[in-house]
Amino acid sequence: MLHKILEQKLQQALAAVLPEADTSGVLVRPCPDPKFGDYQTNALMSLAKARKMNPRQLAADVAARLDIAAWCEPVQVAGAGFLNFRLKPAALATALRQAAGGGDLFFQKSANPRAVVIDFSSPNVAKPMHVGHIRSTILGDALARLLRLLGHRVITDNHIGDWGTQFGKLIVGWKSGLDAEKLRADPIAEMERLYKWVNSECETDPRVLERARQELVKLQSGDAENLRLWREMIALSESQFERVYSRLGVKFDYRLGESYYNPRLKSVVEDLAARGIAEPSEGAMAVFFRDVPELKDHPALVRKSDGGFNYATTDLATLLFRWEGGSWGAAPGEIIYVTGAPQQLHFQQLFAIFRRWHPEARVKLAHVWFGSILGEDGKPFKTRAGDTVRLEDLLDEAEERALKVVTEKNPELPEGQRRDIARAVGLGSIKYGDLSQNRQSDYVFSWDRMLSLQGNTAPYLLYAYARVRSIFRKGGEDFQAGGGAEFVIAAPEEAALARHLLNFGLALDGAAEDYRPNFLCAYLYELAGHFARFYENCPVLKAEGAERATRLALCDLTARVLQQGLEVLGIDTVEQM
RNA sequence: GCGCCCGUAGCUCAGUUGGAUAGAGCAACUGCCUUCUAAGCAGUGGGUCGCGCGUUCGAUUCGCGCCGGGCGCGCCA
């Protein structure tokens, strides 16, 4: 992390010039254009501005105190007051050698590791997982992997929708119209059919609705038969969840669904009422935010007028449980919720209530929200028939489409291998298509784009990786992994690749900071681009001596960074494609 | 009505504390395979960053006001 050293030195120099200045925001970033140098800071300009100083003069004063001759050429003041840093070849070579020799792969673990609970995916019992779950699942998993890599203790928890009014209808359907044959063949489809059937009956026949209510009450009051049915529905659903998660390579440490918190709901509301946070309102219990301008018109209900609890109550109980250390015993420094944009208000309310409830809590609460998935017509993503798209069907189609392309490009590979490649490429494309975009934008789902061989896509990155591996398959027996090769960077393509490798940690930190994996994707795409240009212009296996050793080592580092980066995104690499 | 988000090339999207000529991919056009995978590389054309005002040495980025779109706003989650 050379730029970290430069940053530290820069901050020290600034402190010598302006002893009272806050130097924490004075950062060093890669230059937007290599002609300026490798790294730059523009922070001195805003600092000078705030003090009505001459920015170029301040930059010059700081430059004069900068003690970085070990790493950089003499620093120049540029433009309105930029400081541009250009690495000395020896410093670049040293950084590369350290990584090649088994040191950190151009990133550092966090200096302040913390326990982080991540709540994501949250599918519903008795319903198929659909595209609506994919963003939460993929994004949450990527964030979990990212924070783990950076040294945090990550606790993933799947808050499954296993409780609620829908079970009244499901039990009515189960008792009066279950098709055992269909249940065996496709339990999720059968439960979905039952629910839809009873739901439509309820609309025309109030007696059915009443029966559903009664079944729900029986379930809630512990009726043995209804509990049994409920548990069976959960079990059937969980095997579906497991199928999807194992295909996607997603793992959870805990799966504490909504029902887990049932016994705690009553005391949550009582406690809130006792503290004067919740108050009666129109028969319900509500929390008002009279002193919060954004929320003053949006009270939150924590108990319904019929005495039942709703999701705000469950979420409060869950939040309290997690803050107290959950069943894992560690109080988290941070809790992250990965859900869609429409829930912003809900989490604003949830966090506001919790802060008032437990003002002493030091935990960071984050709602990481994301936009919708749209079809290519710009409307919500549906099948041609207008149904929601099942996640399993989507994954099947991704693999099928990828297999077709692989077979077209490489018909001579054995089928088993083609299928393995198709799996990595197909699932990788789905994940990457989603993760490479700013999560807050709505995402237009397009097979052609995500499976495209060009542009910022999984296949392009996987291809870059496969090309590197191909070099080592064809030759390079003389390359010693972890060996102390001297790096002699000569060609401009070598230099651009090498300098980009150094910035991997910056991409990881940036992605973690704002919960934006697309920063990492952009970095990896650029890395693959630098590698492609290097590959085009710098023959590896035909080179000799130091040039060959340097190029082999650059290839190896590129492959390792690509592999590590893709792993963070939950994407498997392939040796050939 | 109130709140949140969005509006960047024909299309789909990036754009990291405000920073140097606003970037990709697709689509269009032009080159490069007797050379490690051409699933690649190089190049050309294409922009009043929705509109206006303001703050600033500097605004796609910050503030205010419009226009257009999406979503949310007490007993679903």
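All values reported here derive from a predicted model rather than from experimental measurement.
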Distance check needed: C75(B) C1' versus L265(A) CG, whole Å only.
15 Å

Is there a side-chain contact between L435(A) and L139(A) (heavy atoms, below 4.5 Å)?
yes

Please report the distance, rounded to the nearest Å, between CG in L435(A) and P in C13(B).
16 Å

With a 3.5 Å cut-off and heavy atoms only, can you find an N or O donor on one side and an acceptor on the other between the side chain of E536(A) and the base of G40(B)?
yes

Parallel, tilted or perpendicular, judged at 30° and 60°: which one describes the rings of H346(A) and Y311(A)?
parallel

Considering only U21(B), C2(B), U17(B), which nucleotide approaches the side chain of L27(A) most closely?
U17(B)

Any donor-acceptor N/O pair, R551(A) side chain to Y535(A) backbone, under 3.5 Å:
no

Within the stacking criterion (centroid distance below 5.5 Å, interplanar angle below 30°), does F82(A) stack on A20(B)?
yes

Using a 4.0 Å heavy-atom cut-off, does N503(A) contact any base of the nucleic acid, only the sugar-phosphate backbone, or nothing at all?
nothing

Using a distance-only criterion (donor-acceptor N/O pair, under 3.5 Å, no hydrogens), is the base of A39(B) paired with the side chain of Y463(A)?
no

When you get a sec, tell me which of U35(B), A39(B), A20(B) is the closest nucleotide to the side chain of N84(A)?
A20(B)

Is the distance from OP1 or OP2 of C76(B) to the nearest side-chain N or O of K304(A) less than 4.0 Å?
yes

Looking across every strand, which nucleic acid part, if any, lies under 4.0 Å from Q40(A) by heavy atom: base, sugar-phosphate, or nothing?
base

Would you check if E575(A) and Y465(A) make a side-chain contact, meaning some heavy-atom pair closer than 4.5 Å?
yes

Please determine, for the side chain of F288(A), which listed nucleotide (G74(B), A77(B), C36(B)) has the closest atom?
G74(B)

Tell me if C51(B) is syn or anti. Syn = glycosidic torsion within 90° of 0, anti otherwise.
anti

Counting any heavy atom closer than 4.0 Å, what does A78(A) reach on the DNA or RNA strands: base, sugar-phosphate only, or nothing?
base

Picking from A14(B), G72(B), A42(B), which would you name as closest to the side chain of L345(A)?
G72(B)

Does K49(A) contact G58(B) through a side-chain donor or acceptor facing the base, at a distance under 3.5 Å?
yes

What nucleotide, of G40(B), C73(B), G74(B), holds the atom closest to the side chain of L301(A)?
G74(B)

So which nucleotide from G74(B), U16(B), G40(B) ends up closest to the side chain of E282(A)?
G74(B)

Can you identify which nucleotide, out of G74(B), A38(B), C71(B), has its nearest atom closest to the P342(A) side chain?
C71(B)

Parallel, tilted or perpendicular, judged at 30° and 60°: which one describes the rings of F445(A) and Y443(A)?
perpendicular

Would the base of A42(B) count as contacting N537(A) through its side chain, where contact means a donor and an acceptor less than 3.5 Å apart?
no

Just wondering, do F36(A) and A20(B) stack (centres under 5.5 Å, planes under 30°)?
yes

Identify whether any heavy atom of A522(A) sits under 4.0 Å from a base atom; if not, whether one sits that close to sugar-phosphate; answer base, sugar-phosphate or nothing.
nothing

Looking across every strand, which nucleic acid part, if any, lies under 4.0 Å from A341(A) by heavy atom: base, sugar-phosphate, or nothing?
nothing

Is it the case that atom CZ in R419(A) sees more than 12 heavy atoms from other parts of the structure closer than 6.0 Å?
no

Presence of donor-acceptor pair under 3.5 Å, side chain of S281(A) and base of G74(B)
yes

Can you identify which nucleotide, out of C4(B), A39(B), C41(B), has its nearest atom closest to the Q344(A) side chain?
C4(B)

What's the verdict on salt bridge (Lys or Arg N to Asp or Glu O under 4.0 Å) for E400(A) and K404(A), showing C-alpha distance, side-chain angles and the deciding distance?
CA-CA 6 Å; E400(A) 279 163 27; K404(A) 232 163 126 183; over 6 Å; no

The side chain of F519(A) lies closest to which of these nucleotides: A39(B), A20(B), U16(B)?
U16(B)

Separation of the P atoms in C6(B) and G47(B), to the nearest angstrom
26 Å

Testing A77(B), U37(B), A42(B) for proximity to the side chain of R533(A), the answer is A42(B)

Taking Watson-Crick (N1-N3 plus N6-O4 or O6-N4) and G-U wobble (N1-O2, O6-N3), each under 3.5 Å, can you produce the dot-bracket string of RNA chain B? Use [ ] for crossing pairs and | for inter-strand ones.
(((((((..((((.....[...)))).(((((.......))))).....(((((..]....))))))))))))....

Upstream residue (5' side of RNA chain B) when P459(A) and Q437(A) are each assigned their closest nucleotide:
Q437(A)

In whole angstroms, the gap separating P of C71(B) from CD1 of I373(A) amounts to 16 Å

What is the distance, to the nearest angstrom, from the CZ atom on F289(A) to the C1' atom on C73(B)?
13 Å

Roughly, in whole Å, what's the span from CG in L316(A) to C1' in G74(B)?
15 Å

Assign each of G529(A) and Y525(A) to its nearest nucleotide of RNA chain B by heavy atoms, then name whichever residue's nucleotide is nearer the 5' end.
Y525(A)

State, with a plain yes or no, whether a side-chain heavy atom of L27(A) is found less than 4.5 Å away from one of H3(A).
no

Regarding V540(A), tell me which of base, sugar-phosphate or nothing describes its non-hydrogen contacts under 4.0 Å with the strands shown.
base

Polar pair under 3.5 Å, donor/acceptor by atom type, side chain S441(A), base C6(B):
no

Between R516(A) (CZ) and U17(B) (P), how many Å, whole number?
12 Å

Over all strands shown, is N410(A) touching base, sugar-phosphate only, or nothing at heavy-atom distances under 4.0 angstrom?
base

Is it true that E493(A) and R533(A) have a side-chain N and a carboxylate O under 4.0 angstrom from each other?
no

Spacing between F167(A) atom CZ and A77(B) atom C1', to the nearest angstrom:
12 Å

Relative to the ring of F351(A), is the ring of F347(A) parallel (under 30°), tilted (30 to 60°) or perpendicular (over 60°)?
tilted

Go through the steps to decide whether Y523(A) and H500(A) satisfy the test ring pair (Phe, Tyr, Trp, His ring centres under 6.0 Å), and finish with yes or no.
CA-CA 8 Å; Y523(A) 169 85; H500(A) 195 70; 4.3 Å; yes

Is K474(A) side chain donor-acceptor paired with the U37(B) base, going by distance under 3.5 Å alone?
no

What is the distance, to the nearest angstrom, from the CG atom on L524(A) to the P atom on A24(B)?
18 Å

Describe the nucleic acid contact of N438(A) in one word from base, sugar-phosphate, nothing, applying a heavy-atom distance below 4.0 Å.
sugar-phosphate

Check this one for me: any side-chain N or O of Y460(A) less than 4.0 Å away from OP1 or OP2 of C41(B)?
yes

